[in-house]
Peer 1: 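Just passing along the structure, written as structure tokens.
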Protein chains: 2
Amino acid sequence: MANVLVVDDDPKLLNMLRRTLLYEGFHVFAATNGNEALSEVQAHRPDVIVLDWMMPGKDGIAVMQHLRDANDKALVLMLTAKDAVENRVEGLESGADDYLVKPFAPAELVARIHALLRRPGVELKDEPLAYADLSLDPVTRETRRGERTFELTSKEFDLLRYLMRHPRQVLRREQILEEVWGYDFGGDDNVLEVYIGYLRKKTEAAGEPRMIQTMRGVGYVVREE
Amino acid sequence: MANVLVVDDDPKLLNMLRRTLLYEGFHVFAATNGNEALSEVQAHRPDVIVLDWMMPGKDGIAVMQHLRDANDKALVLMLTAKDAVENRVEGLESGADDYLVKPFAPAELVARIHALLRRPGVELKDEPLAYADLSLDPVTRETRRGERTFELTSKEFDLLRYLMRHPRQVLRREQILEEVWGYDFGGDDNVLEVYIGYLRKKTEAAGEPRMIQTMRGVGYVVREE
DNA sequence: GAAATGGTTGAGAATTCGCTGAGCGATTCC
DNA sequence: GGAATCGCTCAGCGAATTCTCAACCATTTC
């Protein structure tokens with residue numbers, strides 16, 4: 001299911017939207033301001049961004065322009081308090097894909113998101129991933145190191161896919177746990193380490209150099225050394 | 001494999017596209033202008049039409065409108081030289097299913113075509129399906145493994161047909177249930193497993209190697225191992 | 001250089017997942 | 001009407017997977 005990022009400075013509304021979308025089966029992330037939004041985009045690569053127009057600091061337009069400059073393909077659904085035509089025009093010109101005027105019914109939002117995802121050309125992100133001689137195809141679930149293919153279990157696959165979606169980017173432990181395991185509690189749990197171990201064993205089975213590097217005290221990265 | 005018609009007035013580009021798509025295993029037809037395109041459509045009933053926007057005489061839009069008037073269900077992928085927003089909008093409104101801006105990488109075109117074909121509701125014409133020594137003819141309902149033919153019940157047939165329409169592609173359990181049984185609830189139901197069992201029994205009755213592989217925690221694939 | 005912190009590893013327990021055989025009701029065929 | 005076929009449910013087994021735990025390294029801090 002699609003990843004959706006919701007951005008609004010009103011925590012109440014934000015929480016309501018989050019729950020609605022979660023209930024609909026989306027993978028939901030949230031942010032309360034523009035900068036937070038951009039870092040969430042970095043971290044989770046959402047397919048759809050529900051973006052409030054008016055926010056203190058970096059507003060919706062600014063966030064969107066930033067995204068378009070970075071050539072991010074996420075679909076943007078703008079939320080605006082007033083129905084002013086000039087806003088609408090300005091918004092669409094700056095690259096929003098759809099519009100919703102507050103107040104709106106949650107069901108309306110859900111319908112609009114589904115409509116966006118149904119648009120031609122919209123593909124949930126499952127393109128083959130590759131970095132150096134490591135590659136992974138989400139469609140066939142084939143994983144290979146150079147010429148050698150290897151098998152992964154489902155958790156291992158999810159983890160490697162997440163890592164490879166962000167090559168050369170250091171991912172924090174909590175970030176990975178949140179994304180792959182869906183939780184985040186600070187418990188003394190070492191599942192992640194164990195699974196990194198599994199992946200290394202399989203990706204280096206023929207004596208290849210290490211691709212999953214440890215960033216002590218922080219997390220892990222996929223990177224050639 | 002799908003029939004693809006490529007239409008472009010530049011013979012060089014046309015030839016390049018033809019080869020790329022042939023190499024990908026598509027059945028390819030070509031036309032250099034609008035009228036030729038329409039007669040190719042008549043002759044070969046393509047599943048996908050790659051259509052240049054700008055052509056002397058009958059241009060892409062005209063061809064497409066003609067098709068839509070004739071209620072042709074072919075998927076149309078428009079090629080356009082400029083990224084102009086108004087073009088994009090006009091094109092989508094007149095019924096194109098996807099867009100590609102020139103210049104593009106051949107791999108991009110291939111990916112887009114695959115994406116179109118993967119859309120829900122898109123069904124290739126009833127061509128015989130084959131993968132390795134497994135084959136299935138939707139018209140005669142004949143199924144065979146090498147020289148040996150075998151019988152399937154109607155549900156079994158539907159399931160195998162669906163699997164074989166997406167060879168090497170891992171299909172998730174829910175996807176299969178949705179497509180073949182028409183439902184999707186998360187109930188603890190094991191019809192699918194049972195039917196996979198039936199299919200395996202029949203496709204491997206003479207001791208042939210397994211063709212329907214289990215992807216634990218995900219679903220199934222038709223693939224040689 | 002000892003202690004503390006953080007990461008790696010192996011063993012195995014707990015859990016989940018998929019496969020199979022038995023069987024039940026509905027429909028079709030004889 | 002009885003037999004065969006079909007689509008399906010269910011329970012139990014076995015195996016793959018996920019996770020926990022504890023011992024063991026490695027690096028940093030004091």
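Numbers restart at 1 for each chain; the letters A, B, ... are given by sequence-line order, proteins then strands.
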Peer 1: Could you go step by step and tell me if A:N33 and A:D9 meet the side-chain contact (heavy atoms from CB on, under 4.5 Å) rule?
Peer 2: CA-CA 6 Å; A:N33 62 62; A:D9 60 314; over 6 Å; no
Peer 1: Any donor-acceptor pair, under 3.5 Å, between the side chain of B:Y195 and the base of C:dC19, if you only look at N and O atoms?
Peer 2: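 No pair found.
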Peer 1: So, OP1 or OP2 of C:dC19: does either fall under 4.0 Å of a side-chain N or O from B:T214?
Peer 2: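 Affirmative; the distance criterion is met.
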Peer 1: Can you confirm whether A:Q213 is buried at CD, in the sense that more than 12 heavy atoms of other residues, nucleotides or ligands lie under 6.0 Å from that atom?
Peer 2: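 More than 12 heavy atoms, drawn from other residues, nucleotides or ligands, come within 6.0 Å of this atom.
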Peer 1: Please name the pair of heavy atoms, one in A:A132 and one in A:E224, separated by the smallest distance, quoted to 0.1 Å.
Peer 2: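 Taking A:A132 first and A:E224 second, the nearest heavy atoms are CB-CD, 3.5 Å.
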Peer 1: Are any of A:W181's side-chain N or O atoms less than 4.0 Å away from OP1 or OP2 of D:dC19?
Peer 2: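 Yes, A:W181 has a side-chain N/O under 4.0 Å of OP1/OP2 on D:dC19.
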Peer 1: DNA chain C: A:V194 or B:Y220, which has the more 5' nearest nucleotide?
Peer 2: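 It is A:V194, whose closest nucleotide lies nearer the 5' terminus.
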Peer 1: Answer yes or no: does a side-chain N or O of B:T153 lie under 4.0 Å from OP1 or OP2 of D:dG7?
Peer 2: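 Result: yes.
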Peer 1: C:dT16 phosphate, OP1 or OP2: any side-chain N/O from A:K155 under 4.0 angstrom?
Peer 2: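 A:K155 to C:dT16 OP1/OP2: no side-chain N or O under 4.0 Å.
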Peer 1: Among D:dC19, D:dC8, D:dA15, which nucleotide has an atom closest to any side-chain atom of B:R216?
Peer 2: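 Comparing D:dC19, D:dC8, D:dA15 against the side chain of B:R216, the answer is D:dA15.
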Peer 1: Within this structure, what is the CG-to-C1' distance between B:N190 and C:dC17, rounded to whole angstrom?
Peer 2: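 Those two atoms, CG and C1', are 11 Å apart.
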Peer 1: Using the side-chain heavy atoms of B:E193, tell me which of these nucleotides is nearest: C:dG18, D:dT18, D:dC10.
Peer 2: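 Given the options C:dG18, D:dT18, D:dC10, the side chain of B:E193 is closest to C:dG18.
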Peer 1: For D:dC6, does either OP1 or OP2 sit under 4.0 Å from a side-chain N or O belonging to B:S154?
Peer 2: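 It does not, given that no N or O in the side chain of B:S154 lies less than 4.0 Å from OP1 or OP2 of D:dC6.
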Peer 1: Could you tell me whether B:E151 and B:K202 have a side-chain N and a carboxylate O separated by less than 4.0 Å?
Peer 2: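 No, this pair does not count.
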